[in-house]
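In what follows, chains are A, B, ... by sequence order, proteins preceding strands, each numbered from 1.
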There are 2 protein chains.
Amino acid sequence: MAGTASRGRRERLRAETTAEIKDVALELMASGGPGAITLRAIAREMGMTANAIYGYFATRDDLVTALVNDVYGELADALDTAGAKAPANDPAARIRSWAGTFRAWALDNPEGFRLIYGDPVPGYEAPTGGAAPEAARRACLSVTALAAAAWPHAERLHKGSEFTWSDFDPDLVEKIRPAFPDLPPAAVALALRLWARLHGLVSLEVYGHLHTQTTDPDKLFREEVAQLVRSLGIPPLS
Amino acid sequence: MAGTASRGRRERLRAETTAEIKDVALELMASGGPGAITLRAIAREMGMTANAIYGYFATRDDLVTALVNDVYGELADALDTAGAKAPANDPAARIRSWAGTFRAWALDNPEGFRLIYGDPVPGYEAPTGGAAPEAARRACLSVTALAAAAWPHAERLHKGSEFTWSDFDPDLVEKIRPAFPDLPPAAVALALRLWARLHGLVSLEVYGHLHTQTTDPDKLFREEVAQLVRSLGIPPLS
DNA sequence: GCGAAAACTATACGGCGTGAAGTTTCTGCA
DNA sequence: TGCAGAAACTTCACGCCGTATAGTTTTCGC
């Protein structure tokens with residue numbers, strides 16, 4: 001039994017060290033931007049040698065990928081709960097809640113936002129497939145819930161839609177259709193456009209391109225969300 | 001007269017070398033991403049020492065800033081001509097042309113797009129003020145022309161707007177008001193939102209986040225532009 | 001033609017990711 | 001309990017990066 005206890009211990013230590021590496025990396029990112037994520041800096045902070053980290057992550061990019069996964073997961077969680085917070089029969093409120101949470105998260109975690117949506121780190125190249133697209137699909141599912149809630153109102157504005165299920169990633173479709181059996185492909189397209197529309201304003205703000213044009217990004221964002229709700233055909237004062 | 005000719009020669013050579021440095025930097029960026037812009041690589045390509053470049057740019061970031069300025073200028077030019085290509089009395093066509101050009105430019109010059117709108121290069125920190133915001137305002141002016149063309153239709157949808165000129169950057173206002181004397185602040189807000197809305201979809205596509213969700217980003221973009229035009233209250237088949 | 005200035009090179013420092021080899025510590029089994 | 005082997009970690013090395021300093025060559029203006 002000492003054996004199994006020891007194996008458990010070894011594995012636990014390993015998991016703890018792995019977690020600590022990621023934590024330190026996130027701290028470095030928070031204080032110095034994604035560019036501050038370097039193996040040497042992490043090792044320094046932990047009182048180790050840089051090469052020791054190679055026992056936990058085969059390469060620096062693997063570490064960054066793991067971080068992206070974690071951070072994206074947090075974002076997806078936040079969006080999920082934000083979307084579900086407002087009553088299901090009030091799509092406008094759901095959208096406002098979701099959008100506000102998205103922007104707030106991005107402004108609170110600008111480095112995380114960059115990590116997910118930008119060039120995260122010097123020379124980092126995201127793996128094709130893997131964890132990040134998975135998290136993206138989770139976020140997408142979350143915004144699809146918004147589109148589904150708004151669809152009864154928005155449907156008439158999308159009569160001529162030519163979208164089919166084959167226009168979307170199979171993995172995404174596989175997640176969406178069970179969750180929203182009656183939703184047509186056009187609504188998924190709406191969800192993606194909705195997401196992108198908010199992403200545009202938020203990413204311009206996070207990267208500082210909005211500050212140089214407007215002094216009140218918040219007002220601009222509220223206006224955008226209001227017009228977005230209106231453009232979905234949702235009756236006002238719902 | 002040899003003197004003035006010589007001075008001219010010296011300055012001309014200097015200008016040529018400066019231009020060559022930037023050209024090589026752009027080539028490196030095109031082939032290896034923004035991260036490939038290194039003084040040593042440029043110097044290698046030019047048969048010089050890395051330090052020689054310091055005679056032309058005080059620091060690597062200064063070089064990147066100059067590149068951002070150039071590239072952003074090209075984009076702004078392309079957008080200007082695209083917007084002006086369609087007849088002034090057909091705002092929908094102008095928007096379609098502008099939007100299509102924006103996306104096409106971004107997909108043709110993904111590295112340039114990242115250079116402008118992302119973390120351009122390892123550890124690069126954009127200067128506050130300077131050339132980039134200037135170029136951003138040019139692009140903003142260009143999109144404002146779209147908003148101005150659409151404003152007669154869109155105005156009724158922005159009745160309750162609370163925007164004032166003080167919500168915008170003074171330099172931007174100074175450029176806009178002479179060019180569009182009758183335009184209210186709300187239309188500038190509309191312009192910024194319009195720009196951001198397209199930026200969202202394009203940046204997600206350039207950074208590869210759309211590929212993992214949809215197989216036909218082009219269709220999605222066309223749908224977005226169509227709905228955008230509709231949401232501006234522009235009558236169809238104009 | 002000559003003094004000065006500009007352009008450029010040489011050398012060096014510290015930081016980066018990463019590979020190979022060596023050392024210590026821990027684990028599981030006889 | 002002792003010991004083979006694996007896992008964790010260190011040391012050393014290489015080539016990359018930006019950049020500071022000092023020295024050298026070329027060119028210009030008088």
Side chain to side chain, B:W98 and B:L79, heavy atoms closer than 4.5 Å: yes
Are A:D218 and A:R222 within salt-bridge range, i.e. N to O under 4.0 Å? yes
Taking five pairs at each terminus, the helix from C:dG1-D:dC30 to C:dA30-D:dT1 shows an axis bend, to 10°, of 0°
What integer distance in Å separates B:L28:CG from D:dC16:P? 15 Å
Output for pair (A:I53 CD1, A:R60 CZ), nearest 0.5 Å, gives 11.5 Å
Enumerate the protein-to-nucleotides 4-7 of chain D contacts in which both atoms are nitrogen or oxygen and the separation is below 3.5 Å.
none

For DNA chain C, find the residues of residues 50-59 of chain B with a heavy-atom distance under 4.0 Å and give them by number; none if there aren't any. B:N51, B:A52, B:Y56
Specify the separation, in whole Å, of atom CD of A:E20 and atom C1' of D:dA8. 14 Å
side-chain hydrogen bond (donor to acceptor under 3.5 Å, both in side chains) contacts touching residues 22-46 of chain B (sequence neighbours left out): B:K22-B:D70
Which parts of residues 38-46 of chain B get close to DNA chain D, meaning a heavy atom less than 4.0 angstrom away? B:T38, B:L39, B:R40, B:R44
When rounded to the nearest 0.5 angstrom, what is the spacing between CG in A:D167 and OG1 in A:T164? 4.0 Å
Looking at A:E223 and A:K219, is there a salt bridge between them, counting it only when a charged N and a carboxylate O are closer than 4.0 Å? no
Please determine whether a side-chain nitrogen of the Lys or Arg among A:E174 and A:R137 lies less than 4.0 Å from a carboxylate oxygen of the Asp or Glu. no
I need the CG-C1' distance between B:L63 and D:dC17, as an integer number of Å. 15 Å
B:M48 atom CE is separated from C:dA7 atom C1', nearest whole Å, by 8 Å
Kindly indicate whether a cation-pi arrangement holds for A:R138 with A:Y72, taking the cut-offs as under 6.0 Å to the six-membered ring centre and within 45° of the axis. no
Show me the pairs that pass side-chain hydrogen bond (donor to acceptor under 3.5 Å, both in side chains) and involve residues 189-201 of chain A, at least two apart or across chains. A:H158-A:R193, A:R193-B:E224, A:R197-A:E224, A:R197-A:S231, A:H199-B:S203
Output the rounded distance in Å from CD1 (B:I37) to C1' (D:dT19). 18 Å
